[in-house]
There are 2 protein chains.
Amino acid sequence: MANRSCIIRLSRYKNAIIRLKSLNFVRVFSDNLADAVGVTPSQVRKDFSIFGITGNKRGGYQIDTLLEQLNSILGKDSIQKIIVVGIGNIGKALLRYSGFAKSGIKIIAGFDIDPAKYNKESEVPILGLEVMAEYIKANDIKLAILSVPDFAAQQVLELLLPAGIKGILNFAPICLRGPQDCVINNINIEMELENVIYFVNVSGKTRGS
Amino acid sequence: MANRSCIIRLSRYKNAIIRLKSLNFVRVFSDNLADAVGVTPSQVRKDFSIFGITGNKRGGYQIDTLLEQLNSILGKDSIQKIIVVGIGNIGKALLRYSGFAKSGIKIIAGFDIDPAKYNKESEVPILGLEVMAEYIKANDIKLAILSVPDFAAQQVLELLLPAGIKGILNFAPICLRGPQDCVINNINIEMELENVIYFVNVSGKTRGS
DNA sequence: TGTTCGTTGTGAAAAAAATCACAATAAATG
DNA sequence: CATTTATTGTGATTTTTTTCACAACGAACA
C-alpha cells in the first residue's frame with residue numbers, strides 16, 4: 001500500500017509544508033501541496049488517507065499537526081545517527097554539509113581505508129575501516145552513507161551488514177543490493193545525468209522527477 | 001511508453017553490461033541483467049522490446065552491440081558539455097569527481113556568486129554568475145548541475161532557462177519545477193535518507209531502489 | 001542434417017497506481 | 001440560525017506497469 005514513491009511524496013509534502021510554514025501559513029489545502037510538489041490534489045489526499053492523516057472539510061489541514069504527523073510517519077521524531085564510509089570528494093562534502101542537522105540527522109563518524117585521512121580529534125572523527133564494525137556495534141548505528149569507489153562498495157557492504165547496519169544510502173556508481181533486512185537506496189549521479197540527457201534529447205517530454 | 005523508470009532501468013542495464021564486459025563476457029542473457037539490476041527477466045526483455053533492441057533466440061544479446069544500442073538510446077554517443085552552478089561543498093566535489101569523463105560527460109565551467117571562488121585560470125574555470133548566461137549561449141550549453149543553497153535555487157533557475165538550458169540536475173533541497181521544455185531531476189539527499197530511515201523503521205520491507 | 005534445448009519476443013492477464021467524481025460536512029456568511 | 005460554499009475522504013474507474021506464459025526460433029550437438 002505504501003510504496004517507495006508514496007513515501008517520497010510524503011517527504012516532498014513535508015518540505016513544501018516547512019516552506020509554507022515559514023511563510024506564516026497556518027493551514028494548507030490539498031491543492032496547495034499538489035501545486036508545490038507537482039501532483040494532483042486527489043493524490044495528496046489519497047496519500048494522506050493511506051496513513052490516516054485527516055484534515056477538516058473546508059478547512060484543509062492544520063500545518064503544525066500535519067508536520068508532526070509526517071515527521072512521525074517518516075521516523076523523524078528522534079535524532080538519527082549515521083556514519084559516512086569513504087572520505088573522498090563526496091564523503092567530505094557530506095561531512096561538511098550543514099543541512100542534515102535541521103532534518104534530525106547527525107553524522108557521528110567517518111571511515112576510510114587511507115590512514116592519511118584519519119582524524120581522531122575532529123568533531124566528527126575519521127577512523128580506519130578496521131575499527132568500523134566495532135564502532136557501529138558500540139554506538140548502535142543503523143544507518144550508513146556509502147561514498148567509496150565502485151570497486152570497493154561490495155566489500156564495504158560485507159563489513160557493514162554483519163555489524164548491524166540496516167539502512168544504506170549508496171553513492172558508489174554500482175547498483176548495490178543487500179539482504180531483505182537491509183534497505184539500500186542508490187544515488188547514481190551519472191545515471192541521473194544520463195536520464196536528464198535522455199529526456200532533453202527527446203525534447204522535454206514530461207515526466208515525474 | 002518509455003517513462004522515467006524505464007529509462008533508469010536502461011541506465012542500470014548499461015552499468016551492469018559494462019561490468020560484465022570487463023569480466024570478458026561476450027554475450028548476456030535477460031536473466032543475467034535481471035539479477036544484476038534486481039528486476040525480472042521479462043521486464044528486461046520488455047524494456048528492450050520497447051526500443052526495438054533484439055537479441056538471438058537461445059543466444060542472448062551480444063554485449064558490444066547492446067552497449068552501442070543503449071548508448072545511442074541514452075544519447076551518449078557524443079560528449080555532453082555541462083556546467084556546475086554553485087561551488088559549495090557539493091559543487092566542488094562534483095568538479096573534482098573523475099567519474100564523469102568515462103561516461104561521456106564533461107564539466108566545462110563552474111559558476112558562483114562569490115568572487116572569492118572565481119578562478120579563471122584553472123582547467124575548469126570558475127566564473128561569476130553575471131557572465132553565466134552569456135557563457136551558456138556562447139558555448140551552446142544545454143545542461144546544468146545546480147548545487148546552490150535552497151533559497152537561491154529558483155532565482156538561478158530563472159537565469160538558466162532564458163539562457164537556453166534544457167536539462168538540470170538539481171541538488172538544492174527544494175523540488176524545482178520548470179517549463180515543459182526543460183527537464184529537471186531533483187536529487188535531495190536528506191529526502192533519500194528520510195526514505196531509507198522510513199523503510200528501516202518499518203523493518204526492511206522490499207522496495208525498488 | 002535432424003533433433004533437442006534454451007532463450008527470446010510479445011500478446012494477454014494481473015497487479016498496482018493514479019485519477020475521478022461525488023457524498024459528507026465543516027467553515028463562512030448574512 | 002439557516003444557507004451557501006469550499007474542501008475533504010474515499011469507493012469506483014481508468015490508466016499504467018509488471019508479470020505471465022508460450023509460440024517461435026536459432027544455436028548446439030549427435
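Just so it is clear, the values below take in all heavy atoms, side chains as well, and ignore hydrogens, waters and symmetry mates. Below, chains carry the letters A, B, ... as their sequence lines are ordered, and counting in each starts from 1.
At whole-Å resolution of the value, CG in A:D47 and C1' in C:dT19 are 12 Å apart. In this structure, B:I50 places its CD1 atom 13 Å from P of C:dG9, rounding to the nearest Å. Atom P of nucleotide C:dA18 and atom CZ of B:R4 are separated by 14 Å, given to the nearest angstrom. One interatomic measurement links the two molecules: CZ of B:R9 to C1' of D:dT16, which rounds to 12 Å at whole-angstrom precision. Rounded to an integer number of Å, the gap from B:F48 CZ to C:dT7 P is 16 Å. The distance between atom CZ of A:F29 and atom P of C:dA27, rounded to the nearest whole Å, is 11 Å. The separation between B:D31 atom CG and C:dT7 atom P is 7 Å, rounded to whole Å. Note: CD1 (A:I53) to P (D:dT10) measures 12 Å, nearest angstrom.
Rounding to the nearest 0.5 Å gives a distance of 8.0 Å between CD1 of A:I187 and CD of A:E192. Atoms OG and CG, from A:S78 and B:N201 in turn, are 7.5 Å apart once rounded to the nearest 0.5 Å.
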Salt bridge (charged side-chain N to carboxylate O under 4.0 Å, His left out) between A:K21 and A:D64, intermediate numbers included: CA-CA 8 Å; A:K21 189 179 151 97; A:D64 288 320; 2.5 Å; yes

Starting from the C-alpha separation in whole Å, work towards a yes-or-no answer on salt bridge (charged side-chain N to carboxylate O under 4.0 Å, His left out) for A:K142 and A:D140. CA-CA 6 Å; A:K142 294 274 167 282; A:D140 191 36; 3.0 Å; yes

Apply the test side-chain hydrogen bond (donor to acceptor under 3.5 Å, both in side chains) to residues B:D77 and B:N71: give CA-CA distance (whole Å), side-chain angles for both, the deciding distance (0.1 Å), then the verdict. CA-CA 6 Å; B:D77 24 25; B:N71 273 327; over 6 Å; no

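The closest side-chain heavy-atom distance from B:K166 to B:V183 is not below 4.5 Å.
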Tabulated below should be each protein N or O lying under 3.5 Å from an N or O of nucleotides 23-25 of chain C; please produce it.
none

Could I get a table of every N or O pair under 3.5 Å where one atom is in the protein and the other is in nucleotides 10-13 of chain C?
residue, atom, partner, partner atom, Å
C:dG11, O6, B:K46, NZ, 3.2
C:dA12, N6, B:K46, NZ, 3.3

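The shortest distance between the side-chain N/O atoms of B:S30 and the OP1/OP2 oxygens of C:dT7 is not below 4.0 Å. Between D:dT19 and B:Q43, a contact under 4.0 Å exists linking OP1 or OP2 to a side-chain N or O. Taking only side-chain nitrogens and oxygens, B:N3 comes nearer than 4.0 Å to OP1 or OP2 of D:dT17. B:Y61 has a side-chain polar atom (N or O) that falls below the 4.0 Å cut-off from OP1 or OP2 of C:dG9.
Checked options B:N15, B:T65, B:L10; the residue passing with B:L70 is B:L10 (criterion: side-chain contact (heavy atoms from CB on, under 4.5 Å)).
A ring pair (Phe, Tyr, Trp, His ring centres under 6.0 Å) check over residues 57-78 of chain B, counting only residues at least two apart or in different chains, returns the pairs B:F48-B:Y61.
Comparing B:G59 and A:S5 along DNA chain C, the residue whose closest nucleotide (by nearest heavy atom) sits nearer the 5' end is B:G59.
Judged purely by atom type and a 3.5 angstrom limit, B:N32 has no side-chain atom pairing as donor or acceptor with the backbone of B:V28.
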